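Every value quoted in this text rests on a predicted model; they were computed, and no experiment measured them. A, B, ... follow the sequence lines: proteins, then strands. Residue 1 opens every chain.
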4 protein chains.
Amino acid sequence: MAQSDTVSRILDTAEVLFAERGFAETSLRNITSKARVNLAAVNYHFGSKKALIQAVFSRYLDPFTQRFHSALDELEARYADGVIPLEELLETMATTVLAVPAERNSLKVFMRLLGLAYSQAQGHLRRHIQAQYGDVFARFTELVRRATPELPDAERFWRLHFVLGTVIFTLSGLDALRDIAAKDYHEQVTVRDLVRRLRPVVVAAMNAPLPPEIEGELHANTRAG
Amino acid sequence: MAQSDTVSRILDTAEVLFAERGFAETSLRNITSKARVNLAAVNYHFGSKKALIQAVFSRYLDPFTQRFHSALDELEARYADGVIPLEELLETMATTVLAVPAERNSLKVFMRLLGLAYSQAQGHLRRHIQAQYGDVFARFTELVRRATPELPDAERFWRLHFVLGTVIFTLSGLDALRDIAAKDYHEQVTVRDLVRRLRPVVVAAMNAPLPPEIEGELHANTRAG
Amino acid sequence: MAQSDTVSRILDTAEVLFAERGFAETSLRNITSKARVNLAAVNYHFGSKKALIQAVFSRYLDPFTQRFHSALDELEARYADGVIPLEELLETMATTVLAVPAERNSLKVFMRLLGLAYSQAQGHLRRHIQAQYGDVFARFTELVRRATPELPDAERFWRLHFVLGTVIFTLSGLDALRDIAAKDYHEQVTVRDLVRRLRPVVVAAMNAPLPPEIEGELHANTRAG
Amino acid sequence: MAQSDTVSRILDTAEVLFAERGFAETSLRNITSKARVNLAAVNYHFGSKKALIQAVFSRYLDPFTQRFHSALDELEARYADGVIPLEELLETMATTVLAVPAERNSLKVFMRLLGLAYSQAQGHLRRHIQAQYGDVFARFTELVRRATPELPDAERFWRLHFVLGTVIFTLSGLDALRDIAAKDYHEQVTVRDLVRRLRPVVVAAMNAPLPPEIEGELHANTRAG
DNA sequence: AATGAATGAGCATTCATTCAT
DNA sequence: TATGAATGAATGCTCATTCAT
């Protein structure tokens with residue numbers, strides 16, 4: 001299959017280059033020349049650079065979404081009352097995140113891409129991800145809500161993003177941090193080791209005491225949330 | 001002051017555009033035309049786009065560094081044994097971070113820039129920041145070390161970065177998150193409110209129980225750390 | 001042949017403009033607009049301005065080299081002892097130099113270009129020419145050596161360059177000189193007429209008596225040469 | 001004298017840079033920054049880059065012209081019949097050419113500049129030189145005419161330029177050629193040594209037998225010349 | 001299904017020059 | 001007399017995209 005070959009050569013090359021240098025700094029020439037395909041092939045097969053970027057994400061997120069839904073199905077089946085303990089939820093998510101790219105041997109690349117998706121201007125990408133994968137995230141969020149009934153909704157919302165920041169920031173900057181860690185602490189950190197370190201921190205963050213209430217409009221709002 | 005005016009018009013415009021769209025997506029033409037300044041003025045006053053980027057950072061980081069050093073001096077004077085409680089350290093940092101851009105009314109911009117500094121490829125920027133501001137960060141790190149003697153060095157290193165990820169990710173993506181929060185929780189979040197929410201989470205993260213030891217080479221290393 | 005057409009339109013235009021105004025004074029915009037070709041076409045087909053300059057030279061020098069090697073093969077076959085008379089060598093070179101651009105009706109341009117190659121800073125060009133065409137020049141030099149066994153090597157080296165200076169200087173400045181000559185001597189000089197005038201002068205220059213020896217280190221060196 | 005200092009600093013720097021890289025490749029920024037004077041100083045003191053180029057030449061050619069006129073006065077006084085032997089004329093010119101820059105220790109630079117004057121497009125420069133120094137060249141030419149009465153005028157015109165080509169080409173490319181000579185013939189060539197080598201060659205060139213007459217229009221023209 | 005050629009828009013940078021002080 | 005700031009024009013080059021084949 002000449003076509004399939006070209007398409008996946010482009011995707012393979014693009015994801016590496018995007019992860020290394022970002023979207024704007026990676027030109028179609030960079031990608032096509034490194035992938036040894038024709039310059040016009042990207043536009044031919046994907047339509048535009050934007051569509052290529054989205055395709056790169058879909059190749060990770062589609063299998064992730066599918067697996068995560070299955071895993072959550074299984075969990076929900078196990079817990080008849082629909083309340084899955086937080087640790088279990090986080091564990092399941094971590095396992096799924098690790099499983100998908102593990103097959104492609106590039107968790108690092110996946111995380112860099114996720115980081116880029118948040119930090120680079122690419123509005124189209126944010127919209128694409130939200131539209132395509134909002135559902136699974138909403139399902140996860142709802143399960144977290146049931147697992148942490150004591151948390152005000154707004155608080156839970158922010159804490160989830162605090163934790164998301166920790167994970168994406170750490171894993172997407174993995175290489176640089178790993179270098180420093182290796183130099184200063186003679187440590188060769190693996191992703192699995194990092195996940196081991198992350199677990200208690202994430203749990204503690206989610207379970208931290210509530211911040212002191214403050215006066216003013218926020219008071220009412222937080223209550224309402 | 002013709003010069004000062006042009007220079008600061010460029011800096012003011014550049015920092016906003018950089019924060020909005022990233023470095024690569026912001027052209028000198030964007031900046032100079034919005035600042036109503038001659039296209040060549042950037043090269044005249046700064047020498048290159050790279051130098052402009054660094055100047056934008058310096059305008060935030062130079063006063064920050066100065067104030068932070070002063071604040072730490074004061075703290076160290078207060079605690080004769082050289083051990084400053086972790087909460088106090090974090091509080092001082094938060095206060096200083098808030099104080100500097102507050103004058104310029106643009107913490108959001110500053111945080112976006114910090115986020116970009118980490119996520120965009122711009123190697124020159126990382127090098128510049130490390131060279132110019134590595135000292136103050138090292139001083140802070142050392143004080144944290146004294147405040148958390150029970151933490152293995154490597155663990156502390158990673159937790160600091162976990163927390164850094166939380167802060168930068170949240171604050172640099174503030175606008176998008178605020179929009180969602182406003183829609184879902186009828187909440188108008190201010191930066192100060194966010195800092196209030198961050199405090200207990202950060203403390204809990206730093207104080208989380210240690211992860212279970214694992215076998216293999218890491219065992220010895222972690223011990224040593 | 002769309003490609004061939006664009007490429008040769010660029011080359012045709014570039015060689016004329018380069019010859020008229022030099023390399024630095026000829027912009028890619030000059031070339032592409034006069035050639036009625038897209039500005040990006042030069043970079044597409046040649047990669048850079050430097051590469052275009054080299055391509056302009058190659059279009060003359062490649063056929064020249066080929067023909068000159070053939071002509072020298074023939075000459076060597078004719079003279080069994082490997083010693084070709086100087087006049088014959090010079091004649092052959094002149095004939096070949098005249099033959100190549102004659103087909104393109106632009107000896108003047110070729111000579112201007114050669115002159116530029118020597119006088120303009122373009123280090124890359126000198127390197128390119130030396131690397132690509134050093135062989136044929138070395139072969140010619142060696143044959144001249146056999147034809148003038150009485151000349152010390154160093155003396156021959158310098159005389160060849162004296163003569164080269166005469167030829168390039170005269171032919172590359174042909175237009176200006178021709179104008180003066182026409183005004184002062186009512187003469188319409190053709191290139192062939194100039195070559196006719198050059199012949200006895202060049203031969204006399206090569207056969208001039210040796211300069212008086214001088215004392216000092218040069219004495220021994222010249223002897224050795 | 002601050003002004004005088006600035007002016008001569010500019011001239012000193014400009015002549016070196018022009019000689020090294022040509023006119024177009026040398027920017028006013030190059031000159032003023034290396035000369036450590038203000039960027040606007042060139043336009044202030046000379047009016048334009050063109051005027052600076054001409055000033056650089058004048059600083060060499062004015063004293064040369066003056067000395068050469070003196071030397072020719074002396075020669076003409078010595079030869080009552082107004083016929084000065086060719087060797088003597090050439091010797092006098094060589095001596096004067098060597099004398100002027102010798103004071104400034106930069107014959108090489110002077111020759112590079114002369115070479116550039118001929119080869120670079122700078123029409124204004126050719127016009128300037130012709131206007132300012134045409135007289136002395138005409139006087140010299142006339143004396144050469146009397147010294148070589150047997151040469152047809154057109155032939156003499158061309159031979160003078162042949163010889164000029166030899167001298168300018170060799171001396172202006174001196175550095176490159178010297179390097180080759182040094183490598184191949186273990187010879188450290190000085191300018192004086194080169195002049196010694198040039199003398200017999202130039203004389204032989206001027207005295208070479210006339211080229212064979214040819215038929216056609218040129219015949220009549222040459223006769224007439 | 002794929003590609004070589006071409007294109008127009010845009011890029012950062014450098015230029016000689018001008019001008020207010 | 002001298003200069004820092006500013007400017008408009010131009011430079012070589014790269015970009016994503018289109019199109020005929």
**Prompt:** Mind checking what makes side chain to side chain contact (heavy atoms under 4.5 Å, CB included) contact with D:T13, not counting sequence neighbours?
**Reply:** D:L17, D:I31, D:K34, D:A35
**With sequence neighbours excluded, residues passing side chain to side chain contact (heavy atoms under 4.5 Å, CB included) with D:S58** = D:D62, D:H128, D:Y133
**Message:** In dot-bracket form, 5' to 3', how is DNA chain E paired? Count Watson-Crick and G-U wobble pairs only if both distances fall under 3.5 Å, and write | where the partner sits on another strand.
**Reply:** .||||||||||||||||||||
**Partner residues of A:K108 under the salt bridge (charged side-chain N to carboxylate O under 4.0 Å, His left out) criterion, sequence neighbours left out** =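 Applying salt bridge (charged side-chain N to carboxylate O under 4.0 Å, His left out) to A:K108 gives A:D175.
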**Request:** For each nucleotide in nucleotides 13-20 of chain F, reading 5' to 3', give B when a protein heavy atom comes within less than 4.0 Å of its base, S when such contact involves only the sugar-phosphate, and - otherwise.
**Result:** BBBBBBB-
Should [X] and [Y] count as side-chain neighbours, where that means a heavy-atom distance under 4.5 Å?
X	Y	value
B:V42	B:K49	no
B:N43	B:L28	yes
C:I53	C:F46	no

**Asked** Does F:dA2 have OP1 or OP2 sitting under 4.0 Å from an N or O in the side chain of D:H45?
**Response** yes
**Prompt:** Any side-chain N or O of B:N38 under 4.0 Å from OP1/OP2 of F:dA6?
**Reply:**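 No, outside the criterion.
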**Message:** Tell me which one of D:R9, D:R21, D:R59 satisfies salt bridge (charged side-chain N to carboxylate O under 4.0 Å, His left out) with D:E15.
**Reply:** D:R59
**Message:** If I take atom CZ in residue A:R36 and atom P in nucleotide E:dA2, what distance separates them, rounded to the nearest angstrom?
**Reply:** 16 Å
**Asked** Nearest-Å distance, CD1 (B:I10) to C1' (E:dT13)?
**Response** 14 Å
**Request:** Taking side-chain hydrogen bond (donor to acceptor under 3.5 Å, both in side chains) as the test, write out the residues that go with B:S48, two or more places apart.
**Result:**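 Per chain and number, B:S48 pairs via side-chain hydrogen bond (donor to acceptor under 3.5 Å, both in side chains) with no residue.
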